[in-house]
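What follows is a set of notes on a single structure, which appears directly below.
When reading the values below, keep in mind they use all heavy atoms of this one structure, side chains included, and skip hydrogens, waters and symmetry mates. Counting from 1, the numbers follow the sequence of the chain as shown. As the structure is a prediction and not an experimental result, all values here were calculated from the model.
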Amino acid sequence: MKQVFKIFILVAFCILTIFGCANRGSGPQGGPKDTTPPQLLKCTPENGSTNVSTNKIQLTFDEIVLVQSTFEKVLISPPQTSMAVIKASGHKVNVELQDTLKPNTTYTIDFTTAIVDNNERNELDGFTFSFATGDFIDTLKLSGTIVDAETLTPMPNLIVGIHSNLHDTAFISLPFDRITKTNDEGKFTINNIREGEYNVFALADIGNNYYFDIPTEQIAFSDSTYTPTCTTKITYDTISHYAVIDSINNIVDSTQIIIDSIVTKYHSTYAPDDVILFAFIEKNTRQYLVKSDRKERHKLTLEFAMQSDTLPTLKPLNIEDSAFTYLLQTSINKDTLTYWLTDTLLWTKDTISVEMTYEKRDDSIYWQTDTINFVYREPRTNKKNQKEEDVQVLHQTIKTNTSTSFDVYMPIEISFDIPTNLTENDTTSYLLQEKIDTNWITIPASIEKTDSMGLHYKIWHEWKPATEYQLTLDSALFTSFIGLATKEEVFKIKTKSLEEYSVLIFELSKYTGKEVIQIITKDDKVIKQLPATEQKIKFEHIKPDTYYARLFIDENGNGKWDTGNYKEKRQAEKIYYYPYDIELRAFWDVEEVWNVDEVPILEQKPKELIKTKK
């Protein structure tokens with residue numbers, strides 16, 4: 001019996017042991033995650049080979065690899081007319097160039113981050129393969145940075161190329177000699193350059209042809225030529241060996257010096273390595289119709305690529321000529337035209353068709369005639385729950401900027417959604433009053449129309465800080481172009497006190513009179529702008545906050561930043577950033593001295609403002 005009990009105990013122990021081991025985990029746990037990129041084992045032909053005649057390259061790695069986004073990531077210099085065929089197969093990457101190889105030329109295939117391993121997608125970053133069809137490999141380099149001309153933001157993913165052809169037409173008609181791309185910091189290095197003199201360009205290559213032929217492509221160009229060089233510096237290091245060895249080569253005393261050796265080191269420096277190019281998009285010089293729409297029944301809109309001094313002519317096709325009456329509004333830039341339909345019967349037509357003749361411009365100027373259909377589509381609304389009185393318009397609505405926290409430097413602004421006329425402009429139909437003690441005292445005021453259509457009006461007054469005002473507008477003071485009148489309105493206003501504002505003063509160390517200073521937010525939004533009419537520029541009535549500043553050189557004196565033009569060899573107007581943030585507190589005056597050349601241009605823009613461009 002005892003023997004049976006012992007056997008039972010032994011079997012139970014074995015079962016418990018087995019289940020205990022089985023429950024320690026759900027299966028094989030594996031080792032640490034693979035973070036090692038693929039390792040290159042072999043190249044055919046060898047990397048750096050000369051006198052190469054084959055257009056096929058094979059790369060062998062230590063694991064299964066993939067090639068990702070070859071069109072975007074792989075760059076071949078000289079740039080290829082026909083796209084190379086690049087395929088991964090197991091441990092190998094095969095490259096076949098489709099263009100005929102040029103004699104005595106160094107070819108460079110920059111894979112950037114295209115090659116990854118199959119399992120974890122670890123990137124082989126920065127791998128470059130080079131070979132030459134001649135007797136030697138060109139080894140010179142040229143480096144620099146591309147930034148946006150208007151914001152000094154680093155420009156990633158721009159093609160950077162060089163031309164040994166120094167004629168102005170090379171950039172607009174010939175592919176680059178050699179290319180690379182900017183990284184996320186806007187930096188670039190062009191490798192394997194032959195000795196010579198070069199122009200440097202950058203291009204957002206929409207046409208994928210490696211030259212500037214589309215007006216909307218962002219570009220950058222150098223004002224001077226560059227001659228790449230390499231300087232080699234030789235240094236010598238002494239290495240001392242500590243040992244005393246007996247007759248059978250055993251170390252018996254490692255504290256004594258018995259031998260010194262000199263090691264020669266070579267350091268190569270490539271120049272230029274500090275090229276800075278400022279990228280911009282040229283002002284459009286082509287005229288064409290961008291779009292036409294009819295978002296509201298009572299107005300038609302035409303948007304053109306640029307302004308024109310000659311207005312288009314519209315001939316109605318599905319209505320009588322006499323019924324096609326309108327008020328024409330032009331935008332400030334004269335590139336957008338709005339036709340306010342004055343005949344309300346036209347509003348009932350879902351489609352208005354016109355024949356439009358306008359001045360078109362590309363390589364030449366000519367007249368273009370198009371048929372335009374202005375279609376109105378009713379917005380989606382819950383008509384079942386919408387009562388008739390909810391949509392019936394009885395009065396013309398007035399919009400104003402009045403508030404109980406009104407800025408002392410602002411005028412009162414009155415605006416309308418549709419063209420509206422001021423019926424009469426005298427103080428019998430409107431009153432502006434100031435509260436003194438408990439009394440409302442009438443003060444002088446005049447309403448000023450600020451656009452041709454009557455969409456915007458202003459009332460200017462020199463406001464007192466921390467004071468109450470009241471604006472009263474009589475009924476029918478304004479009447480819209482369709483006959484709707486405004487109703488009587490009373491608007492309460494209370495101005496801010498001066499203690500709620502800050503003052504910022506800039507003193508320019510280098511003053512030319514062409515400077516324009518902008519106060520900007522952390523989003524690069526301009527809140528105030530003043531021309532530098534003197535060496536000290538004073539910004540008043542600024543809301544307390546943290547701000548930044550930038551300055552541009554207004555070369556043509558038009559008060560706004562202007563882009564560049566390649567054919568005119570004109571760079572975009574220069575931009576500088578104040579290198580530090582500026583904290584403004586209520587009722588404080590802050591004065592800063594600004595030397596635009598004190599900090600290098602690439603280090604001026606505060607880090608808080610730098611957002612990578614796409």
Side-chain angles (χ1 to χ4, degrees), residues 32-50 52-102 105-133 137-138 141 143 155-161 175-193 202-210 612 614:
K33 182 180 179 180
D34 176 20
T35 59
T36 305
Q39 302 297 309
L40 182 67
L41 300 178
K42 181 182 177 182
C43 303
T44 307
E46 290 292 332
N47 198 354
S49 296
T50 57
V52 173
S53 58
T54 179
N55 63 341
K56 296 181 180 179
I57 298 102
Q58 187 175 85
L59 311 173
T60 304
F61 294 89
D62 63 345
E63 57 182 316
I64 298 174
V65 293
L66 302 173
V67 183
Q68 298 184 139
S69 306
T70 56
F71 183 77
E72 293 86 5
K73 293 186 176 183
V74 180
L75 292 173
I76 301 176
S77 286
Q80 303 293 286
T81 304
S82 300
M83 188 175 177
V85 178
I86 304 174
K87 294 181 179 179
S89 177
H91 290 239
K92 293 179 171 57
V93 172
N94 296 296
V95 180
E96 183 175 352
L97 303 180
Q98 301 299 298
D99 289 2
T100 303
L101 296 180
K102 299 178 181 179
T105 301
T106 298
Y107 281 79
T108 305
I109 305 175
D110 186 356
F111 289 90
T112 61
T113 58
I115 298 176
V116 298
D117 63 37
N118 183 58
N119 293 326
E120 302 293 343
R121 302 300 194 266
N122 295 310
E123 298 174 347
L124 178 61
D125 192 5
F127 173 63
T128 300
F129 179 86
S130 300
F131 67 91
T133 57
I137 293 273
D138 297 315
K141 299 181 181 181
S143 303
M155 297 299 300
N157 270 345
L158 284 188
I159 295 289
V160 185
F176 294 123
D177 295 350
R178 304 197 70 77
I179 60 170
T180 188
K181 269 189 179 181
T182 53
N183 63 13
D184 288 343
E185 297 176 341
K187 299 183 182 300
F188 69 90
T189 296
I190 301 177
N191 294 305
N192 301 112
I193 301 175
L203 175 66
D205 193 15
I206 299 174
N208 296 314
N209 52 12
Y210 305 105
T612 301
K614 298 200 175 180

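The main-chain N or O of Lys102 is found under 3.5 Å from a side-chain atom of Tyr107 such that the two form a donor-acceptor pair. Under a 3.5 Å cut-off, the side chain of Lys87 and the backbone N or O of Lys92 do not form any donor-acceptor pair. Judged purely by atom type and a 3.5 angstrom limit, Asp184 has no side-chain atom pairing as donor or acceptor with the backbone of Asn157. Between the His91 side chain and the Thr60 main chain, no donor and acceptor come within less than 3.5 Å of each other. Without hydrogens or angle criteria, Asn192 side chain to Thr108 main chain gives no donor-acceptor distance under 3.5 Å. Under the 3.5 Å distance criterion, the side-chain polar atoms of Asn122 are left unmatched by any main-chain donor or acceptor of Asp117. A donor-acceptor pair under 3.5 Å links the side-chain atoms of Thr182 to the main chain of Leu158, judged by distance alone.
Ile115 is not listed as a side-chain neighbour of Glu123, based on a closest heavy-atom distance of 4.5 Å or more. Glu63 has its side chain out of reach of Asn118: every pair of non-hydrogen atoms, C-beta onward, lies at least 4.5 Å apart. Using a 4.5 Å heavy-atom cutoff, the side chains of Ile193 and Lys141 are not in contact. Side-chain atoms of Leu203 and Tyr210, non-hydrogen and from C-beta on, never get closer than 4.5 Å to each other. Between Ile57 and Pro45 the shortest side-chain heavy-atom distance falls below 4.5 Å. Residues Asn55 and Glu96 form a side-chain contact, since some pair of their non-hydrogen atoms from C-beta on lies under 4.5 Å apart. Side-chain contact between Gln39 and Thr36: present, with at least one pair of heavy atoms (C-beta onward) separated by less than 4.5 Å.
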Between Asn191 and Thr180, is the side chain to side chain contact (heavy atoms under 4.5 Å, CB included) condition met? List the steps.
CA-CA 8 Å; Asn191 294 305; Thr180 188; over 6 Å; no
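The shortest non-hydrogen separation linking Gln98 to Val85 is NE2-CG2, 3.5 Å. Closest heavy-atom contact between Asp110 and Thr112: OD1-N, 3.0 Å. Shortest non-hydrogen contact noted between Thr113 and Val116 is O-CG1, 4.1 Å. Heavy-atom minimum distance, Arg178 versus Ser77: NH2-CB, 3.5 Å. In terms of heavy atoms, Asn47 sits closest to Thr128 at ND2-O, 3.3 Å. Minimum interatomic distance between Val52 and Ser49 (heavy atoms only, all atoms of both residues): CG2-CB, 3.7 Å.
In this structure, CD on Glu46 lies 13.0 Å from OG on Ser130, to the nearest 0.5 angstrom. Interatomic distance, Lys181 NZ to Lys73 NZ, rounded to the nearest 0.5 Å: 10.0 Å. The distance from atom CD of Gln80 to atom OG1 of Thr100, rounded to the nearest 0.5 Å, is 9.5 Å. The line from CG of Asn183 to CE of Met155 is 12.5 Å long, rounded to the nearest 0.5 Å.
In this structure, Phe127 has its ring center closer than 6.0 angstrom to the ring center of Phe111.
Remark: of the listed residues Val93, Val95, Leu59, Val93 is the sole one forming a side chain to side chain contact (heavy atoms under 4.5 Å, CB included) with Val67. Of the options Ile179, Asp99, Asp177, Thr105, a side chain to side chain contact (heavy atoms under 4.5 Å, CB included) to Pro78 is made by Thr105 and by none of the others.
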